[in-house]
Number of protein chains: 2
Amino acid sequence: MPKTTRLKSQEVSLRFRLSDEREKELLDTAAEVFFEYGYSAASVGEMANRAKASKGTYYSRYPSKKLLFAAMIRARTDQVYEPLAELLRTTSTLENALQSFGMHVLEVSLTADSVSLVRILYMEAKNSPEIGRMFKQHGYGRLEAVLVKYLRQKIRDGHLQIEHVTIAAEQLVDALMGEPMRRMVLSLGQLPTKREKEIRVRNAVRMFLAAYGEK
Amino acid sequence: MPKTTRLKSQEVSLRFRLSDEREKELLDTAAEVFFEYGYSAASVGEMANRAKASKGTYYSRYPSKKLLFAAMIRARTDQVYEPLAELLRTTSTLENALQSFGMHVLEVSLTADSVSLVRILYMEAKNSPEIGRMFKQHGYGRLEAVLVKYLRQKIRDGHLQIEHVTIAAEQLVDALMGEPMRRMVLSLGQLPTKREKEIRVRNAVRMFLAAYGEK
DNA sequence: CCAGTGTAGTACTGTGCGGTACGATACGGT
DNA sequence: ACCGTATCGTACCGCACAGTACTACACTGG
């Protein structure tokens with residue numbers, strides 16, 4: 001904030017050519033430390049050490065630990081959930097489309113990084129509801145949106161009959177990844193095997209189509 | 001734990017008549033503070049103040065903050081999930097049984113307390129996998145177990161056809177409470193209304209029966 | 001080669017916490 | 001009435017951290 005002000009007051013600045021890269025490094029390191037210790041126990045000094053930076057550098061770019069955290073969350077959320085925007089462009093069967101959508105969702109959602117992200121978001125959303133809102137909006141809300149849009153199309157085409165589309169979409173996604181995600185978040189085991197993912201996806205999709213598909 | 005040992009070694013002790021109550025108070029206050037601030041940011045001093053106790057009292061009963069936390073988690077987990085043991089004793093229709101099971105699960109899982117519990121568990125399980133295991137074992141694992149047992153019975157009776165019973169059970173429960181729980185944990189809104197609960201339960205159960213029920 | 005700017009490194013301040021120690025007190029059992 | 005024990009209240013220690021300040025260096029553009 002003070003920095004921004006200063007930049008503005010000098011109008012044009014030529015200082016930040018490599019700075020984008022460096023900013024990414026700084027935020028990645030911050031994420032690493034935040035994810036490892038949790039918000040409160042994470043120390044900005046530790047981040048500085050790992051990033052071979054100094055606390056001053058962090059504090060010159062982000063006026064407080066809290067705002068550093070927010071910036072990090074925003075960057076990571078975009079990073080993890082952006083790839084989902086393109087899903088379901090497919091033109092194949094309904095079943096195949098949902099099947100491959102499911103696999104993609106599991107693939108992208110069950111990485112160590114996104115698990116850490118989810119974990120810390122769940123915790124910090126308690127006292128910062130805007131964090132929760134941000135995650136809904138830029139995070140898993142995207143996933144839901146793309147699925148709902150697809151489902152509505154298929155309803156118009158007469159291939160599906162769903163009364164509460166949003167709820168149905170949420171329930172499909174939850175059936176897909178609820179337990180695997182919980183297992184990861186609770187440190188109860190390794191990532192599911194490809195085989196387990198397939199079984200889960202197939203069962204969820206079948207259940208969904210049995211209830212809402214044309215017959 | 002040390003207390004228990006001491007009791008045992010002296011065989012019969014007459015010291016702790018009121019102590020059970022007091023222990024509950026101490027752990028409840030600890031939970032309050034832990035839930036409010038998160039593990040790291042919670043202070044034992046604050047707990048002592050709120051409980052009109054002294055830090056010494058806490059430290060005489062629990063040798064460290066971490067073990068206090070563990071004791072608290074254990075107590076809360078039992079407290080929240082014990083009532084689930086009796087579920088599904090019902091003798092009514094399959095659909096009605098699942099329906100009422102679903103409503104009970106939502107009822108018991110979506111209280112402010114159990115949401116706080118889940119939240120902090122998700123966070124702390126990262127570096128203490130035994131916390132995660134404890135929660136699985138004494139917590140939502142009970143829920144799963146009772147459902148699986150019931151489903152197996154109904155499979156034997158020929159009312160259900162399920163290949164992967166455990167996965168099916170998990171997916172049913174996730175479809176039931178995934179989104180409402182997430183909304184609570186992310187501080188995205190109020191508890192679902194009775195009407196929303198009913199819709200979610202009905203849709204989940206229908207989906208489940210459409211896939212696995214006799215037809 | 002120089003001026004300007006960002007930053008690593010480090011030292012410092014203030015604060016708050018985990019954990020300990022201890023005196024005063026209340027109370028139940030003999 | 002006396003003893004033993006648990007606890008309260010409080011003061012204390014050591015430490016770690018957020019945030020600040022300053023110095024020395026490195027780079028970049030002219």
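Since this is a predicted model, take the numbers as computed values, not measurements. Proteins get letters first, then strands, A, B, ... in listed order; numbering begins at 1 in each. Heavy-atom basis, side chains included; hydrogens, waters and symmetry copies ignored.
Between B:R61 and the phosphate of D:dT7, there is a side-chain N or O to OP1/OP2 separation shorter than 4.0 Å. Neither OP1 nor OP2 of C:dG9 sits under 4.0 Å from any side-chain N or O of A:S54. Taking only side-chain nitrogens and oxygens, A:R22 comes nearer than 4.0 Å to OP1 or OP2 of C:dA8.
In this structure, A:E163 places its CD atom where only 12 or fewer heavy-atom neighbours from other residues, nucleotides or ligands lie under 6.0 Å away.
Aromatic rings of A:Y122 and A:F135 (six-membered ring for Trp) have centroids beyond the 6.0 Å cut-off, not under it.
By the 4.5 Å heavy-atom criterion applied to side chains, B:P180 and B:R200 are counted as neighbours. Here the side chains of A:K65 and A:Y39 are in contact, with some heavy-atom distance below 4.5 Å.
The nearest whole Å value for the distance from the CZ atom in B:F34 to the C1' atom in C:dC17 is 13 Å. Taking atom NZ of residue A:K52 and atom P of nucleotide C:dT10, one finds them 12 Å apart after rounding to whole Å. Separating the OH atom of B:Y62 from the P atom of C:dT20 is a distance of 16 Å, rounded to the nearest angstrom.
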Which atoms of nucleotides 15-19 of chain D (N or O only) lie under 3.5 Å from a protein N or O atom, and what are those distances?
residue: D:dA18; atom: OP1; partner: A:A42; partner atom: O; Å: 2.9
residue: D:dA18; atom: OP1; partner: A:K65; partner atom: NZ; Å: 3.0
residue: D:dA18; atom: OP2; partner: A:V44; partner atom: N; Å: 3.0
residue: D:dA18; atom: N7; partner: A:K55; partner atom: NZ; Å: 3.0
residue: D:dG19; atom: OP2; partner: A:Y59; partner atom: OH; Å: 2.8
residue: D:dG19; atom: OP2; partner: A:K65; partner atom: N; Å: 2.9
residue: D:dG19; atom: N7; partner: A:K55; partner atom: NZ; Å: 2.6
residue: D:dG19; atom: O6; partner: A:K55; partner atom: NZ; Å: 2.9

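Listed by chain and number, the residues in a side-chain contact (heavy atoms from CB on, under 4.5 Å) with B:L188 are A:R133, A:K136, A:Y140, B:R183, B:L186 (sequence neighbours excluded).
The shortest heavy-atom contact between A:S114 and A:V108 is OG-O, 3.4 Å.
Within 4.0 Å (heavy atoms only), A:A53 reaches sugar-phosphate atoms of the nucleic acid but no base atom.
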